[in-house]
Amino acid sequence: MIQKPRGTRDFLPDEMEYRRTKEAVMRQAAKNWGYREICTPTFEHQELYTLRSGPGIVKEMYTFQDKGGRELALRPEGTAAVLRMFVNEAKVLSRPIRWCYLSDCYRYERPQKGRYRQFWQFGAELIGADTPEGDAEVILLADDILRSAGVTYDLHIGHLAPMRHILRDLAEDLRREVMAHLDKKNYEGLAAALAACGRADLEEPLTALLAARTPAEAFSICGDVPERERIERMVQILDSQGLAYTLNFGIVRGLDYYTGMVFEGFAENLGAENQIIGGGAYRLAKLFGGEDVGSCGFGIGFDRVMVSLGDAPPAEDAVVAVVHTPESRDYAFSVARAFRDAGIRTELNLLDRGFGGQMKHAGKTAAYAVVAGVREAESGTVTLKELSTGAQKECPVDEAVDGVISGWR
RNA sequence: GCCGGGGUAGGGUAGUGGUUAUCCUCAGGGAUUGUGGUUCCCUGGACUCGGGUUCAAAUCUCGGCCCCGGCCCCA
């Protein structure tokens, strides 16, 4: 027997239908905000991802060389390809551009709860609206999508400007180190790093900034920054919409990728991998050879959404099982077609089973049995039987279809 | 890459070196050739893989693979 590759999953129909239901809800929410769905290739030139994330990322990706010698990689996330697509194709589209996607992504990582080597990411990108209104819209959209899907989560929103302002005098590599410590809440490491470079004076404002829960508090610590008005306007919009969130100026989210607003969300029922969404403002287009246009977006871990929501409820669709005999086979196919044309999931017996066997099978797999035997074929009727109650009646096909649609009664 | 816990039919399980590996569920068939569900009968299906110890391994041991939890990472 061949096992599936490590970190991959199979989905049976009950779970798959549940996933599709949630996908549809999320797509619809995005659509309502004007975010239209796009699709990019499953694999791209490796360079797209190393440009964005550095050469070290290769060991975390599924990479391969194709028969033409091209160095390719299965996509490890959604944003890079979307911005690549924007640079390639969307220069003439009127802005802002609102796009969303649901992509299968691949990362060579150790699987654990909520983390797989093949996973799905629902993302949205707003390109060319580098404004506080744009930042606010992306956050509100993300919240709408997650709540529509039924997820309960904690939302944390921040902005990189205050922290970068405090760290403005530090050398680039030291700044990265300090921010990495802050990201991991490693305060001992933070103190040691600052002391080592003679900037222990920064420890107090940094820890105070992490505790700040309003823009006013943050600016009283870091002083005035050019982004102040933008941050305040964004917060004002979010508050006007009654959004539940925590302001957190300690959010770092990777190092050089995000340029302004950043946000994260954490859901229940997940283990160590409880981050369900991450996003923020960034400027990637220029890196990929386009103009320097500001963008803002997020990625939702779709599989984590599903884990957080719990087990799939069993499917409830009415199912009709058509029971027949070899002599009435053609009639049975016609009867099944009538039910299918009405949008009813209908399964016709395909095996060499007697009436009793067919009814037995119908009792396990269907809500209704529709008998299309010789007798019915001659009179153009069917015998409709509700399997939960055992009630049955012989009637014309149209009437039987209506009966199933209206739930028998 | 690292640490820990696991792996017995499709699912859930019993089995601390010794007959043909237990039970439930499930699936297929029959009792019942135009009426299922209950019941009864029959059938099918498993020791994760490989090496080692032993007269004898599901059981002890080592390693691989896979699963689960955590670390690292998380674009």
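All chains are named by letter (A, B, ...) in the order of the sequence lines, taking the proteins before the strands, and each is independently numbered beginning at 1. All values below come from the heavy atoms of this structure, side chains included, with hydrogens, waters and symmetry mates left out.
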Enquirer: Using atom C1' of each nucleotide, how far apart are U13(B) and A9(B) to the nearest Å?
Expert: 11 Å
Enquirer: Could you tell me the separation between the OH atom of Tyr108(A) and the P atom of C74(B), rounded to a whole number of Å?
Expert: 18 Å
Enquirer: Mind calculating the distance between CD (Gln358(A)) and P (G36(B)) to the nearest angstrom?
Expert: 12 Å
Enquirer: Could you write out RNA chain B as dot-bracket? Rules: Watson-Crick or G-U wobble, both distances under 3.5 Å, brackets [ ] for crossings, | for pairs with another strand, dot for unpaired.
Expert: (((((((..(((.....[....)))((((((.......))))))...(((((..]....))))))))))))....
Enquirer: Tell me if the side-chain of Glu376(A) makes a donor-acceptor pair with the base of G34(B), cut-off 3.5 Å, by modelled atom types.
Expert: yes
Enquirer: Check if the side chain of Lys59(A) and the base of G1(B) share a donor-acceptor pair of N or O atoms closer than 3.5 Å.
Expert: no
Enquirer: Check nucleotides 63-68 of chain B against the protein and report each pair of N or O atoms closer than 3.5 Å, with its distance, or say if there are none.
Expert:
unit_1	atom_1	unit_2	atom_2	d
C65(B)	O2'	Gln3(A)	OE1	3.4
C67(B)	OP1	Gly7(A)	N	3.0
C67(B)	OP2	Arg6(A)	NE	3.0
C68(B)	N4	Arg110(A)	NH2	3.2

Enquirer: Could you tell me whether Arg117(A) sits above the aromatic face of Tyr108(A), with NZ or CZ closer than 6.0 angstrom to the six-membered ring centre and within 45 degrees of the axis?
Expert: yes
Enquirer: 5'-most contact on RNA chain B: Ser388(A) or Arg107(A), nearest heavy atom basis?
Expert: Ser388(A)
Enquirer: Please state the C1' separation for the pair G11(B) and U53(B) - nearest whole angstrom.
Expert: 35 Å
Enquirer: In whole Å, measure the gap between the C1' atoms of G70(B) and G12(B) for me.
Expert: 27 Å
Enquirer: Compare side-chain N and O positions of Arg253(A) against OP1 and OP2 of A75(B) and report whether any pair is under 4.0 Å apart.
Expert: yes
Enquirer: For Glu376(A) and Ser328(A), does a side-chain donor sit closer than 3.5 Å to a side-chain acceptor?
Expert: no
Enquirer: Quick one: which protein N/O atoms are closer than 3.5 Å to N/O atoms of nucleotides 24-28 of chain B? Pair and distance per line, please.
Expert:
unit_1	atom_1	unit_2	atom_2	d
G28(B)	OP1	Arg353(A)	NH2	3.4
G28(B)	OP2	Lys364(A)	NZ	3.3

